[in-house]
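Note that the structure is a prediction, hence the values are computed from the model and not measured. Values reported hereafter were calculated over all heavy atoms of this structure, with side chains retained and with hydrogens, waters and symmetry mates removed. Here is how names work: the chains are called A, B, and so on, in the same order as the sequence lines, proteins then strands, and each is numbered from 1.
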Amino acid sequence: MAKTFTGKVFVVEDNIDTDQIIPAQYLTLVPTIPEEYEKLGSYALIGLPDDKYPVDFVAPDSTKTPYGIVIAGRNFGCGSSREHAPIAMGAAGVQAVIAQSYARIFFRNSVATGELYPYESVERLPDVLKTGDEATLDFDHDTLTAQGKTYQLKPLGEVRPVIEAGGLFNYARETGMIAAKA
Amino acid sequence: MTLTEKLLARASGKSAVRPGDNVWVNVDVLLTHDVCGPGTIGVFKREFGQNAKVWDRDKIVIIPDHYIFTADSLSNRNVDILRDFVREQGLPYFYDVIDEPEGHWKFDASRGQLKRQYGSGFAGVCHTALPRKGHTRPGEILFGTDSHTCMAGAFGLFATGIGNTDAGFILGTGKLLIKVPETMRFYLEGEMQPGVMAKDVILHVIGDIGFDGATYRAMQWEGPGARGMDMDDRMTIANMAIEAGGKNGIFPADQKTFDYVDERIAANGTKSQYEPVDLDREQSFVFDRTYDVSKLEPTVAMHPDPGNRALAKDLGNISLDRAYIGSCTGGKTTDFLAFAEIVRGKSVKIDTFGVPATPDVVAELKNTRWDEHSVWDILTDAGVTMTENASCAACLGGPVDTFGRLNTPMNCISATNRNFPGRMGSKESHVYLASPYTVAASALAGRITDPREYLG
């Protein structure tokens with residue numbers, strides 16, 4: 001059976017920088033401390049301007065989001081190199097981002113941490129999907145199906161096994177690039 | 001090969017590399033700070049063990065600089081996490097806020113924000129401090145847990161920002177797998193007109209290629225216009241490669257580079273050998289454009305991104321609530337001297353905050369005298385609120401008690417490098433990026449102003 005994920009989508013536009021994903025004031029939280037990791041989830045995407053994005057990504061009293069898939073335009077994750085950005089989204093329960101394009105460091109951090117799948121769409125999806133739509137992501141066929149339509153995604157290629165392993169370190173151990181944990 | 005290709009080939013033990021190749025490079029310097037250091041240390045310990053040792057103590061530089069002068073207890077704790085790790089590992093290059101190696105950092109809010117609260121080893125903003133402390137050597141490979149690590153490319157080395165997981169990997173292994181980027185060449189001709197600064201050059205170029213115009217690519221700066229720039233100007237430009245999405249920015253090293261680097265290495269006793277790479281006659285670029293910098297005018301990046309370009313002279317209708325000068329890219333001594341040139345003998349009309357990048361900048365501004373007055377006094381006499389506490393401060397917002405932070409919606413003109421919504425605090429604020437000259441002129445007028453109105 002194909003590996004799939006079905007959930008609600010949250011739709012954002014172009015150029016969502018890491019300050020909007022996790023504002024700088026929350027970077028005092030250290031992601032490798034478990035309770036602070038959970039807390040980061042509660043602040044995911046809290047920096048989005050309220051007038052453009054009136055719907056909360058994470059409810060004020062929660063650490064988890066009801067939206068498992070984030071749909072974005074160009075240059076998602078630009079700006080600072082803070083790994084807190086994919087971590088906050090992963091901690092909130094995001095499985096995948098589907099963007100037209102990514103900033104380099106966010107893409108790399110998503111893969112290195114294994115927190116989420118950074119898919120690229122072939123067409124621009126923020127124009128055709130809206131927040132709250134139900135969608136199914138098919139990891140084996142690289143498609144997103146929503147509202148009765150199926151959209152092609154660009155295959156993740158060589159980074160997919162890294163994310164599936166749970167990030168860079170697990171992958172490096174599985175493939176013998178570094179020694180197994182003592 | 002381009003400069004970046006030559007550096008990555010050498011660092012990976014290959015005779016040649018091509019864009020798109022994935023190579024394991026040996027790392028010469030790993031930089032981290034108080035925001036990403038604790039997480040990097042956490043990754044290192046989780047993956048390599050609680051008692052693991054770093055790969056090479058002399059190649060790690062730790063500079064607390066982001067959230068220092070704040071009463072936020074987690075921020076203060078994060079500096080202590082760095083200190084504990086440095087002590088445990090015996091790391092020689094830690095530029096601590098306090099002098100006591102076993103102490104704890106606690107900011108004393110009752111003493112206010114303006115007077116110095118750091119010890120003798122503190123270095124200030126990491127990207128400005130790195131070269132000042134002799135850690136940027138031509139020909140090397142430098143990674144840092146901060147996107148503006150690309151600033152070090154001004155010294156003819158490969159420098160780029162990474163996340164905590166990659167940095168934790170380097171701490172344990174001294175290596176990283178990276179993709180060789182394509183190179184874009186920016187060939188600068190001519191001399192900048194009075195009133196135009198390096199900041200205008202980079203804002204012009206980002207406006208030209210777009211905020212993602214250099215994504216995954218190297219930005220290489222050449223030509224007489226680049227050679228004519230001093231190191232501070234080259235740093236301003238290399239710093240903002242990331243604002244166009246670039247992986248790294250790079251200038252060829254020349255005598256100016258060597259003079260700066262050698263002086264700083266001698267002063268701080270850091271590693272003195274380095275091997276620069278030269279420009280090849282045959283280079284292959286994915287993009288190659290010549291800019292005549294004599295044609296540039298004072299330039300502004302408008303809200304909400306660094307690529308949203310306009311000319312200062314066309315924005316006189318935008319009234320301002322605040323002006324800010326500081327950060328790695330805009331808080332160097334030469335930035336403050338330019339600012340002072342404009343405001344000298346006049347008074348700013350709006351709240352204006354100045355944050356020197358490093359303690360050296362504070363000292364230089366206090367020791368540089370124009371006629372009877374120090375430049376520091378010229379700035380404060382003009383109404384600029386100057387702090388001695390060198391740090392990243394409000395450039396990236398930070399905890400709510402951060403000096404100069406935009407805590408309410410407002411229009412701010414800033415000599416910093418990034419203006420996405422919420423970057424300096426309030427997400428309803430609008431931030432306009434400009435040169436120190438333009439920020440100074442705008443502070444005097446209370447609206448965005450072309451600095452040539454104030455230059456003789």
Side-chain angles (χ1 to χ4, degrees), chain A residues 14-20 23-34 36-37 39 46-52 74-76 78-87 100-115 158 167-170 172-173 177-179 181-182, chain B residues 22 35-36 38-43 45-49 66-67 72-75 77-78 81 144-149 160-169 172-173 177 181 211-212 215-216 242-243 245-247 304-305 307 396-400 402 405 418 420-423 425 427-428:
Chain A
D14 293 336
N15 223 17
I16 302 300
D17 83 307
T18 53
D19 274 288
Q20 295 176 75
Q25 70 201 87
Y26 305 117
L27 302 185
T28 57
L29 298 165
V30 176
T32 47
I33 299 173
E36 296 185 22
Y37 173 89
K39 191 87 182 145
I46 203 170
L48 292 173
D50 301 324
D51 51 346
K52 274 185 93 172
R74 271 170 63 195
N75 204 29
F76 188 82
C78 58
S80 133
S81 64
R82 62 190 69 158
E83 196 165 286
H84 308 67
I87 287 175
Q100 219 175 346
S101 66
Y102 290 91
R104 180 185 65 82
I105 306 177
F106 180 89
F107 183 89
R108 181 164 180 128
N109 286 343
S110 300
V111 175
T113 57
E115 285 285 346
E158 62 202 359
L168 175 67
F169 281 96
N170 290 352
R173 290 203 170 89
M177 284 150 64
I178 57 173
K181 262 189 184 176
Chain B
N22 285 302
V35 166
C36 294
T40 296
I41 293 164
V43 169
K45 287 186 172 278
R46 183 185 74 205
E47 299 295 339
F48 293 102
H66 273 59
Y67 306 154
D72 178 90
S73 60
L74 286 182
S75 298
R77 173 205 68 179
N78 288 347
I81 292 176
T145 59
D146 190 287
S147 62
H148 292 113
T149 302
T160 193
I162 55 173
N164 299 354
T165 300
D166 282 337
F169 193 93
T173 66
L177 178 65
F211 55 73
D212 57 356
T215 298
Y216 284 93
I242 184 66
E243 308 312 334
K247 188 167 195 156
D305 73 68
L396 78 163
V400 288
T402 299
R405 189 180 191 273
R418 195 169 276 162
F420 295 113
R423 168 71 179 177
K427 58 188 181 183
E428 281 81 38

Student: Using only atom types and a distance under 3.5 Å, with no angle test, would you say the side chain of A:Asn75 pairs donor to acceptor with the backbone of A:Cys78?
Tutor: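 A pair under 3.5 Å: no.
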
Student: Please answer whether the main-chain N or O of A:Arg104 pairs with a side-chain N or O of B:Lys247 as donor and acceptor at a distance below 3.5 Å.
Tutor: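 It does not hold such a pair.
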
Student: Out of A:Arg74, A:Arg82, A:Glu158, A:Met177, which one racks up the most heavy-atom pairs below 4.5 Å with chain B?
Tutor: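 The residue among A:Arg74, A:Arg82, A:Glu158, A:Met177 with the greatest pair count is A:Arg74.
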
Student: If we ignore hydrogens and angles and just use 3.5 Å, is the side chain of B:Lys427 paired with the main-chain N or O of A:Asp50 as donor and acceptor?
Tutor: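 It does not hold such a pair.
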
Student: What part of B:Arg418 lies closer than 4.5 angstrom to a heavy atom of chain A: side chain, backbone, both or neither?
Tutor: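 Contact with chain A: side chain only.
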
Student: Which one, A:Ala103, A:Gly79, A:Ala85, leads in non-hydrogen pairs under 4.5 Å with chain B?
Tutor: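 Counting heavy-atom pairs under 4.5 Å, the top option is A:Gly79.
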
Student: Pick whichever of A:Asn109, A:Thr113, A:Ile105, A:Asn15 has the most heavy-atom pairs under 4.5 Å with chain B.
Tutor: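 Of the candidates given, the most pairs with chain B belong to A:Asn15.
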
Student: Please classify the contact between A:Ile178 and chain B as side chain, backbone, both or neither, with a heavy-atom cut-off of under 4.5 Å.
Tutor: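 For A:Ile178, the contact with chain B is made by the side chain alone.
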
Student: Hey, could you give me the CG/CD1 distance between A:Asp14 and A:Ile16, rounded to the nearest 0.5 Å?
Tutor: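 Taking CG in A:Asp14 and CD1 in A:Ile16, the distance rounds to 8.0 Å.
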
Student: Quick check for you: among A:Pro49, A:Ser80, A:Pro31, A:Ala179, which has the greatest number of heavy-atom pairs under 4.5 Å with chain B?
Tutor: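 The candidate making the most pairs under 4.5 Å is A:Ser80.
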
Student: Just wondering, are more than 12 heavy atoms of other shown residues or ligands nearer than 6.0 Å to NZ in A:Lys39?
Tutor: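 It does not: A:Lys39 NZ has 12 such atoms or fewer within range.
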
Student: Among B:Asp305, B:Thr165, B:Ile162, which residue has the highest count of heavy-atom pairs closer than 4.5 Å to chain A?
Tutor: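 Going by pairs under 4.5 Å, I would pick B:Thr165.
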
Student: What part of A:Ile33 gets closer than 4.5 Å to chain B, counting heavy atoms only: side chain, backbone, both or neither?
Tutor: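 Just its side chain gets close to chain B.
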
Student: Treating B:Tyr67 as the side-chain partner and A:Ala24 as the backbone partner, does any N or O pair qualify as donor plus acceptor under 3.5 Å?
Tutor: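 Between the backbone of A:Ala24 and the side chain of B:Tyr67 there is a qualifying donor-acceptor contact (under 3.5 Å).
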
